[in-house]
Amino acid sequence: AGCTSGATQPKSAAASGTLTVQAPNSPPTFVDNFNPFTGEAPGLNIIYEPLVASNRAKGGQLVPWLAESWTWSADGRTATFKLRPGVKFSDGSPLTAEDVRWTYDLRLKNPKVGGASYRAVAITGKDTVAVTWKDPAYQQLGDLQDIPIIRQQLWANRNPITYVDKSPVGTGPFKLTKFSPQGVTMTDRADYWGGAFQVQNLKYAAATSANIQTQLQNGSIDFCTCDVDAKSYVAGDPGKRKFLMAWDGAVVSVLLNNGKAPFDDVAVRRAFALAVDNEAVAKLSSSKLPIIQAPASPSGLNHHVYDGWIAPDLSAPRKQDVSAAKQALATAGYTVQNGVLTKAGKQYPVRYVAPSDTPFLKTVAQLVVEQIKQSLGINVQLVGGPGSNISAAISKGNYDMAGNWLSSGRGIYAAMNQFNGTLTAPVGTDAASNPMRFKNAAFDKLLTQMSGTDDEATLKKLGLQAQAIFADQVPTIPLFDSGAAGVANTARWTGWPDAEKPDYLANTGSGTEFITTLKNLKPAG
Amino acid sequence: MVLRFLSGWKVRAGLTVFLLFCLLALLGPWFCSSVLHISPTALDVDSVSTPPSAGHLLGTTASGQDVLAQLITGARQSMIAGLVASVLGTSIAVLVGVTAGLAGGVVDSVLTALTNVFLTMPAFALIFVISGYTQGGGPVVIGIIIGIFGWAGGTRALRSQTLSLRNRDFVVAMRMLGESRVRLALVEVLPHLIGWISAMFLGGFVGGVLAEAGLAFLGLSSASTVSWGSMISEAQQGNALLGGMWWWFAPPGLCIALLGASVTLVNFGIDEISNPRLRNARRTLVRRARQAAVKGADSDE
Amino acid sequence: MTDPMMASEAALAEPAAKEQTARPRRRTSYLGKRLGFYLLVTWVAVTLNFFIPRLMPGDPATVMIAQITQRTGQPPNPATVESIRLLFGSPDQSLITQYWGYLGQLIHGDLGLSISQYPVPVADLVMSALPWTLMLVGSATALAFVIGVGLGILVGWRPGRGLDSVVTPLSTVVGVVPYFWVALLAVWIFAVKLRWAPVSGGYAPDATPGFNLPFMASALGYGALPVATIVFSAFGGWVFGQRNMMVTTLSEDYVLLARAKGLPGWTVMLRYAARNALLPSVTNFALAIGGLVGGSLLTEIVFSYPGMGFLLFDAVSNRDYPTMQAVFLLITLTVLLANFLADSLYVLLDPRTREAS
Amino acid sequence: MSDDLLEVRGLTVEYVAEGGSVRACDDVSFTVRRGEILGVAGESGSGKSTLITALTRLERPPAVTTAGQILFRPHGVAEPIDLVPLTEKQLRKHRWRDLAIVMQSAMNALNPVLRLGAQFTDVLRHHDRGLGRAGAERRTEELLSLVGLTAAQARSYPHELSGGTRQRATIALALACGADLVVMDEPTTAVDVVMQRQILANVLRLRDELGFAVVLVTHDLSLLVELADRIAIMYAGKIVEVGTAHDIYHRPSHPYTAGLRASFPPLHAPVERLHGIPGTPPDLRRLPSGCAFHPRCPKRFEPCDSVVPRLSAVGDQEVACHLHSHDRSEVVDA
Amino acid sequence: MPDPAVLEAVDVSMRFTVRGGLGRTATVRALEHVSLRLHRGRTVALVGESGSGKTTLARLFALMYQPTSGEIRLRGEPVGVRRGSTARAYYSEVQMVLQDPFASLNPMHTVRHNLRRALRLHHFDGDLEERMHELLRRVSLTPTQDFIGKLPHELSGGQRQRVSIARALAVAPKVLLGDEPISMLDVSMRLDLLNLLASLRDEEGLALLYITHDIASARYLAEEICVMYAGQLVEGGPAEQVIQNPQHPYTKLLLEASPDPARTVSAAGQSSFLPIADAGEPPSLIDPPGGCRFHPRCPVAKAECRTAFPARTSAADGHWTNCWLYTSESEAS
Ligand SMILES: Nc1ncnc2c1ncn2[C@@H]1O[C@H](COP(=O)(O)OP(=O)(O)OP(=O)(O)O)[C@@H](O)[C@H]1O
Ligand SMILES: Nc1ncnc2c1ncn2[C@@H]1O[C@H](COP(=O)(O)OP(=O)(O)OP(=O)(O)O)[C@@H](O)[C@H]1O
Ligand SMILES: [Mg+2]
Ligand SMILES: [Mg+2]
Ligand code: NI
C-alpha cells in the first residue's frame, strides 16, 4: 500500500456523480484535438451530435436526434428536416437552421472534408432544412448520422482540416472540462436539450487492450466496450459486474477473395463453407464470454438485429458437411494434392490472413485452418501480422481468405450493400467497400431497387431475394453472430441496458448510443 | 584448449542444456507428432484453458491448444530465428570487420562508415517496421531481418581486433614470406578471432531469440508457426496471468531464459579462454594449500 | 546485440590512437571531419528511415478506412472514402519528390503534421512523448548502470568468492529472461496481486500535467514499476562486463603497487582498481543512452506508457510516416549524441587520451 | 645478527592448479643486511618475481606461500617479525613504511588515471595522518628532486612521462616513507642502457644517503656484478649460489653461475667464441630429478640426477651443488 | 669493401603520420637520410637507443613501408613496395627475423606449417619433408622429428627463435635482417643463437643485418657497427674500431653506460658502479632538435651542432662519424 492514486478505487466518485469509462479505440494517450473532422480525442462523439441516429438494437431503425422529424419528397430525392427546438450549443448559443445548412454545405464545398452523399442543401423555413440527393435516397439517410453539426459562427473562419480545436463547442450533453493525455474529464450541461443526466462527471481513462482487464478488475474503470475476458471478469463478482453485448449486427465471417482463383469459383467457396464447423468456431470464440455466440445464418445477417428479416429457411446455420464439401470440389474438377488445391494441373495455394493483434480473429483463423485441413486435407497457410498490414492486404485483394467481422446494423440495405459489386475494385487496387470483390448482377440490381424504397414490406421482399443469392453464392463464410462486447461495473452505476434484449446498445464508440446509455444511468444504492 | 574449455562446470552445464535444446529443436516436432501424438496447432474446443492433466501434460491455451506441444515445436522456431540471426549477423560482422581491419585505407573508411550508419539506425524499430512488411514470413525471415540490422555492434570490436592482429609479429612474418592477403586473413588472423566470433555468435543467438520473442510479442511473428515468443504473446493476449493460467504463460519464458542462460554459461567459458586474466584458481585449492601450509608450520615448531 | 566483449571499445569513431605525443596541428579540420561524419551518417539514416517505411504495403488512407469500417460497422460511404484518400492517400508526387520535400522541411526544422493525429504537428506529439521516455528509460538506464557497475566492482574485487559465484551467474541469467515476460509478471505480481503499483500509464488520469506535487508524485508512482523492470533486466549486463574489467584490472601492477603501499582495501578497490576498470563501462553507458529512445518500445507497450516507443508503435500501425520519421530521426540523433558523449567522456576520464601538456 | 634486516628461511611458494602445483620458490633461504644491495639473478621463469612478491607478501592466488619464514627486523623493532603469518591488516602497518617495492614496468605500476603527485600524496598521507595536503605536496617535491625530477612533473599523468622518468618516479615513490628495505623487480629492463645507468647510479647514491637495503632482481648478471654487494643466483625456483659480487664473477662455484657468467660477451676484453649454457631452462611443472640443473650441466656426475643438493657454505659463499658438498669435496679435486 | 652491396638503403628518410586522441595529427620523423649497405657474408650491427629508428630501417629493408625519400636497392636495383608475386620474389632474397620469438610464430600453427608455407610459397620443388628436416637440422633443432610437429607453446624462446630463423632460411635468402633477434631470449641461450647466425653468415654467405641494443653482442657478432641516434646514423665502421675508439659523443656515452663487469676487475671485492652524468633522454621524433639531434645531451656541443647536421668524416679504415667535432678538423686538414 502507500502507492499511487491510479490503483485506488475512486469510491467517492459515485457520490460526486463520476463515471469512468475506457476511451473508444483504447489509445494509450490522448491528443488534445477536438476538431470534429479530424480529431480523435475521447468524448468527441458525444460533444457533437448529428441530425439523425440509428438504433442498431432495433435493426438500424432511424431515430430523430437534432432533427425532430423529416419528410420525404415524392421522388424520394429530398428529405426536409425539422430541427428540434431548444437545442443549444455548449457556449449557450442556439442551434439554427443556418448552422445545419452551413455544416452540410461545407462537405459539399470542401472535398477534403467529404462524406456528403447528398447533392444540395437548403434552408426551407425558420427551422427546416432540405437535403437533396441525386437518386432516390431512402437508404442514404443513415449516412447523415456521421455528420456532426457544428456552429457556423465558430467554424466559418477556421480551416476545418488543419484547425486544432482544444475547446470544443457542440450540442452534446457533456462539455470538456479537463484534458490530460492520460485522462479527459467532462461535465454535464444543465441546458442540454435532452434533459438532465445523473452522470455529472464523465471520465475517459487511457487504457489499452493490454491492460484494460486489470483496470477493470481493480475497479478503476466502470465501463468499457472492449474485447476482454468477460467471463472471468463477471465470475469474479457476479452481483456487481455485468456483461453487455452490443449486438451491432456483426457477423464474424471468413472473407473469401471472390476476385481471384480459387475463390472466384463458387464451387470452391461452397466447399470451404461446408467444410467449416461454425458451431465449434462459435463455441471456441465464446470461451471468454459468459454467453455462447450463435452460429451465423448463411444469409450473412445477424439474428439479433435482423430478427424477422431473415428467410426462415436460412435461419438455421449451415451444418458442417465434409462429404458434400468434397463432393462439391470433385464435381468442379478439383483435387487435393499434397495439401494443395489443384485443378487441371494448376495448383492453388490458399493464404488465410488474420491480424495477430485481434486475438479472437487469430483463434478463429487457427480453428478454421485446422478444420479445413482435417476435412478437406488442404493446408491453408496462415499469415499473421499487425492489423494495419492485414487491412492493407484485404483492401488490395492480396489474400485468399481473411478473418473479419461484417454486416452492418444499419438496416438490411446497408448490410447487403457491403457486397455491392459496383463499389468494389479489382485485385491490386484498394477496395474500401466490398473487398471480397463479390460481383453478381442480380444481387446489385436488388440493391438498386432497395435504395429506391422506404416501404418495409418491399424492402423485406427484396431482402429475402438478396439473401437467397447470398446463401447460394457464398461470397463469405458467415461463422457466428457477434457484436461489440462490453462490461460494466454496477458498484457505482446501474441502469445499463438489458443484456439479452437491449433497447439500445451500450457502446462508447457510437456517440448517440453512448448518450442514450449515459442518459439511463443511475447511481447505485 | 578444447579440454580446458570443457573443464569448468559452467561450460559443461551450459553446453549440456544448450545441446538438449538443440536436440529438442531438431527432433521436437517429430517427437510431438510420432511419440506424444499431440499437435501444436490442433484446437481442442472442448478443453479450453485447462490446467495440466494427463490429457494435456502442460494444460491447454485459451483456444484449447496443447501447451506442451507448442513448447516443443516452439523451440525449433525460436532457435531457427536465433540461429539465422546470429549466423547472418556474425557472418556480416566478420566479413566487414575483418576486411576493414585488414584492408585499411579507403576500404576501411567505407566499411567503417557503413558500420556506423547501421549502428545509428534504430535497429529494433526498423526490424519492427520491416517484419511487419514481411507479414510473418516465419522464423527464417525474422532471423534474416534481425541479422541484417544487428551485425554492426560486433563489427567494430572485430575490426579493432583485426587491426591489432594485423600488426602482430606472426602476421607480419607470414606477410614477409609473401603470403597472400586472403590466406593471411583466413589462416593467420581468423583463427585468433574464434573466441570473439564465437562469443559474438552466441551473443547474437541469444539476441536473436530474444528479438524474435519481442517481435512475436508485438504481433509480428508468423501466424502459422508457434514460437516461444508467440506463445507468450498469445498468453498475454489471452490474459493468461490474470486468469491464473501459469502453465501457459510461464513455460515459454522459462525456456527462453534457460536457453539464454545456457548460452551465457558457455560464453563465460569462452571469455575465460580469450582473456586468461579472468581465470583464477579454484578457491578451494588455494585454501587447501594455505591450510596445509599452516599445519606444516605448526608441525615444524 | 550487446555483448560484454565489445565493452572495451569506446565510441563510434576510431578508437583513440595512443600516440600521445601528437600535437594539435589540424584541430579545425578534425572537427570539420567529425561534423561531416555526423552529418553523413545522419543523412544516410534519414534517407533509409524515409524509404524503408514507405516500402511497406498499405497507406494511411487504407488504414484509416479500415478503422472507420471497424468503428461504425460498415465501410464509409464513397464520398468519405474519397475525402480520406484525398487527404492521406498516396500523394501524386513521386517518392523522390516527396523525399526532397521532406529534406527541405527537415532543414527548416519542420517535422510536418501527423497523419494519425491529423492535423496535430508531429513536433507536438514528440514533445509530449519525449519527456516521458527520457525520464523513464533515462532513470532506468542510469539506475541499472549504477547498480550493475557497483555490483560488478564488488564481485570483481574478490573474484571466485561467494558473492561472485552467486551474483555473477545470477545477474547474467536475469539479463537473458525476455524483458516483456518479466515486465508482465511484474505487473501481475505488483500491480494486480499486491496492488503496490498502478497497472499502466504514465500518471493518474486526473492529475494535471505540470509542475505540481500531485502530478509529480503520481508520475513517480506510475514510473516505479516500469523503471524497476528495466533495471531488473538491464543491470546484469553491466555486472558481467564490469566484473571482468575489474578482474582484468586487478592483475595490473598498479593495483598491486597500491596494495604494497599499504593503502586500505577500499582505497585500492575504488581509487586504483575501479577508477580504471570503470572507463569502458562509462563510455558504454554513454552509448547505452543512445538506445534510450529506441529501446523503450517494449516497456512502453507493456505499461502503456505515453512515450516515444508507443508513439512509434502507433505511428507504424497507422502508417503515420511523418511521425515515424520524426521518431527515427530522434533515435538517430540520440545515438549520435551519445557517441559524441562517449567520445568526450572517454577523453575526459582517461587522461591518456588527453593532450600532453 | 642484528645486522640482518631480513632473514628468509625455507620460503616455498607454489602456484596451485588443478593438475598439480608448481613450486616457483622452493626452500629459499637468504639474508639481507642493513643497507646492502642484494642482487638476485636468474633466467626467466626461475622464480625471481615470485620470490619478490612473496617477500612483500603481495602474492595473489594462485600463488600460495606454503612454507617458510620471512623474518623482518625493521628499525625500531626489537624482535624480528615473521611476515608470513601476518594478516593483510597487520601487514599494512609495515607496508611502505618499512618495506617498499619497485616494479618491473613503471608504465604499469603507476595508476594511469591519477596524476603522479596524487599517487605520492595518498601514500604519504595514509602513513602520516598528520601530514596536510600542502605538506604532502612539499614532501612529494622533495622526493622527486631526489631522483632529479621537478615539481612540474608531479602534475603530469604517467603517460605523459617517458619511461625513464616514470621509473625514476617509482623509485622516488618507494622512498616516500623511509622504508628499510626496497625490493626492486627488474627496475630497468624497460629502459635504455644510458637511462639504466643513470637510474641505478641514483639508487646507489640514495642508498648511501638514506641507508636502506635493496633486493634487486634482474637477469642481467653483468650489471649486478657492477652494482650489487652480494648476489644470489636462482635456478628453477631454488637459490643455487649466494656470494659477493666479486666472488660470483671471478670465482663462480656453481656450474650454472659459471655458465651464466660466460654468457655475456665482453665489451672490451678480446672476443672469443662463447657458448652460454646448452639446453633450455626447465619447466617448473616437470623438474628434472635431483639437481634441476643437471641436464644442462657440463660437470654433472653420478648423484646429480638423484640427490637434490642443499645450499651450504663454501668459504664466504653458499652453493647448492654436489661438486661442493663437503662429503664430495674430493670429487672437486679429482 | 670488395664486392658490391647486396642490399642497400640510399639516403632514406621515413616519416609517419600519427593521430592523437582528438584526431590531431603529427609527423614522426623516424629516419633522416640514412644510408646503409649489406654485403654478402658480412654482418652489420645497428645499435642505438629505443626509438632511434632501428626497426623502421629494418622494415624499410623488408619493404613494409615505402620510404618518404631515398630508396632501397637490391643489388643496385631500386625496389618499391609491391604485392603478390613480385613481393614474393623480393622476399625470396630478403628475409627478416623479428624480435619477439613468442609473437612471431602463430600460436595455432605447428612448426611444420610454418616451414611448409615458406617452402611452398617459394616454389620449392624437391622433397618437402626432407627439406624441412634439413632446415631444422640447420638451426640445430635436433632430433628434428621431435620438433616438426610441435606448436609454439611447446617450445622455449630460443627454440622458437630458431624456428623463425629456419622459416626465414626456407626461402634461401641472400639477406637476413635480424631485428633484435636475441633480446627476448634468456641470457643463457643468446650466445647459441648468435653463434648460429654467425655460422649461417659464414657458411651460406648471408648478408646479415643485426639490430641490437646490446653493443657487446654487436661486437661479438658483427664486423661492422653502425650507431644510430634519433633517426640519424652518427657513427659506423669496423666493430673493433667503433668500440675501442669511439668518435661520436653518443657512441662514447653508450659504451660508458653499457654494463661491463670487466671494469670492476681492478677493484676487488668491492662493487664499483661507474656512474655517468645525468645526460637526459632521447628527444621526441615529432619535433626533434635541429642540426645534430644529439646536441641537447652532448657535453661538447658547439654552436653549429644546433643548426646543421654534420657531414660524414671517414677514416681510412672505414670508420666514419657524423659529428661537428671532426668535420671542422677534416676541413682544416
Ligand atoms: N599465475 C601463475 N600461475 C601459474 N604459474 C605461474 C604464475 N606466475 C608465474 N608462474 C610460474 O612460476 C615460475 C616463476 O615465475 P616468475 O615470474 O617468478 O619468474 P621470473 O624469474 O620473475 O621470470 P622473468 O625473468 O621472466 O620475470 C614460472 O615458471 C612461471 O611459469
Ligand atoms: N608505424 C608507425 N607509425 C608511427 N610511428 C612509428 C611507426 N613505427 C615507428 N614509429 C616511430 O618511429 C620511431 C622509431 O621507431 P623504431 O621502432 O624504428 O625504433 P627502434 O629503434 O626499433 O626502437 P626499439 O629499440 O624500441 O625497438 C619511434 O618514435 C616510433 O614511435
Ligand atoms: Mg619476473
Ligand atoms: Mg625496434
Ligand atoms: Ni552484440
Side-chain angles (χ1 to χ4, degrees), chain D residues 37 39 41-46 148 162-165 190-198 200-202 204-205 219-230 244-247 249-250 256 259-269 271-281 283 296, chain E residues 47-52 154-159 184-195 198 213-221 239-240 243-244 250 253-265 267-282 284 297:
Chain D
I37 297 184
E43 287 176 86
S44 173
S46 55
S162 73
T165 311
V191 297
D192 281 304
V193 277
V194 177
M195 180 56 68
Q196 164 173 304
R197 192 155 288 261
Q198 287 170 21
L200 292 179
N202 240 321
L204 218 54
R205 181 177 54 77
H219 53 249
D220 191 348
L221 185 62
S222 60
L223 185 70
L224 269 190
V225 168
E226 281 191 70
L227 184 71
D229 298 316
R230 289 193 306 135
T244 62
H246 184 268
D247 285 349
Y249 186 68
H250 292 285
Y256 175 63
L260 212 51
R261 188 203 162 293
S263 296
F264 294 90
L267 193 51
H268 293 288
V271 184
E272 47 188 308
R273 200 162 167 84
L274 299 171
H275 281 285
I277 308 171
T280 56
D283 180 350
R296 301 172 74 186
Chain E
V47 292
E49 273 176 290
S50 187
S52 57
E154 299 170 293
L155 301 172
S156 75
Q159 290 165 342
M184 303 282 284
L185 297 183
D186 264 327
V187 186
S188 65
M189 292 185 287
R190 289 184 182 175
L191 279 170
D192 266 351
L193 219 78
L194 285 185
N195 291 339
H213 274 118
D214 177 11
I215 200 161
S217 75
R219 175 175 178 241
Y220 182 80
L221 178 64
E240 280 307 307
I243 302 263
Q244 308 307 347
Y250 174 66
L253 180 68
L254 200 61
L255 280 164
E256 230 175 287
S258 297
D260 182 15
R263 265 199 292 252
T264 58
V265 163
Q270 187 56 43
S271 79
S272 61
F273 189 73
L274 179 74
I276 54 168
D278 202 336
E281 297 177 32
S284 148
R297 299 172 74 185

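FYI, side chains are in, hydrogens and waters are out, and symmetry mates aren't considered; it's all heavy atoms of this structure. Below, read A as the first sequence line, B as the second, and so on, with proteins coming before strands; counting in each chain starts at 1.
Side-chain N/O atoms of D:Glu43 and D:His219 include no donor and acceptor closer than 3.5 Å. Side-chain polar atoms of D:Arg261 and D:Ser222 form no donor-acceptor pair below 3.5 angstrom.
When each of D:Gly259, D:Pro266, D:Gly45, D:Gly164 is scored by its heavy-atom pairs under 4.5 Å with chain E, the top score falls to D:Pro266. Contact tally against chain D (heavy-atom pairs below 4.5 Å) for E:Gln159, E:Arg190, E:Glu256: the top residue is E:Glu256. Ranked by heavy-atom pairs under 4.5 Å with chain D, the list E:Leu185, E:Asp186, E:Leu194, E:Ile215 is led by E:Asp186. Looking only at heavy-atom pairs under 4.5 Å with chain E, the residue among D:Ala269, D:Gly163, D:Ala262 that has the most is D:Ala269. When each of E:Gly157, E:Ala257, E:Ser50 is scored by its heavy-atom pairs under 4.5 Å with chain D, the top score falls to E:Ala257. Of the listed residues (D:Thr280, D:Leu274, D:Val271), the greatest number of heavy-atom pairs within a distance under 4.5 Å of chain E belongs to D:Leu274.
Contact of D:Leu200 with chain E is made through backbone and side chain together, with heavy-atom distances under 4.5 Å. Interface remark: D:Asp220 contributes side-chain atoms only to the contact with chain E (heavy atom separation under 4.5 Å). Of the atoms belonging to E:Gln244, it is side-chain heavy atoms, and not backbone ones, that fall under 4.5 Å from chain D. For a residue to count as touching a neighbouring chain, one of its non-hydrogen atoms must lie under 4.5 Å from one of that chain's; by this rule D:Gln196 touches chain E with the side chain only.
Across all non-hydrogen atoms, the minimal contact from D:Gly276 to D:Ser263 is CA-OG, 3.4 Å. Here the closest heavy-atom approach between residue E:Asp192 and residue D:Pro278 is recorded as OD2-CA, 4.4 Å. Minimum interatomic distance between D:Val194 and E:Arg297 (heavy atoms only, all atoms of both residues): CG1-NH2, 3.5 Å. The shortest non-hydrogen separation linking D:Glu272 to E:Tyr220 is O-CE1, 3.2 Å.
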Legend entry - Criterion side-chain hydrogen bond (donor to acceptor under 3.5 Å, both in side chains) on E:Ser188 and D:Arg296, from CA distance to verdict: CA-CA 11 Å; E:Ser188 65; D:Arg296 301 172 74 186; 2.9 Å; yes

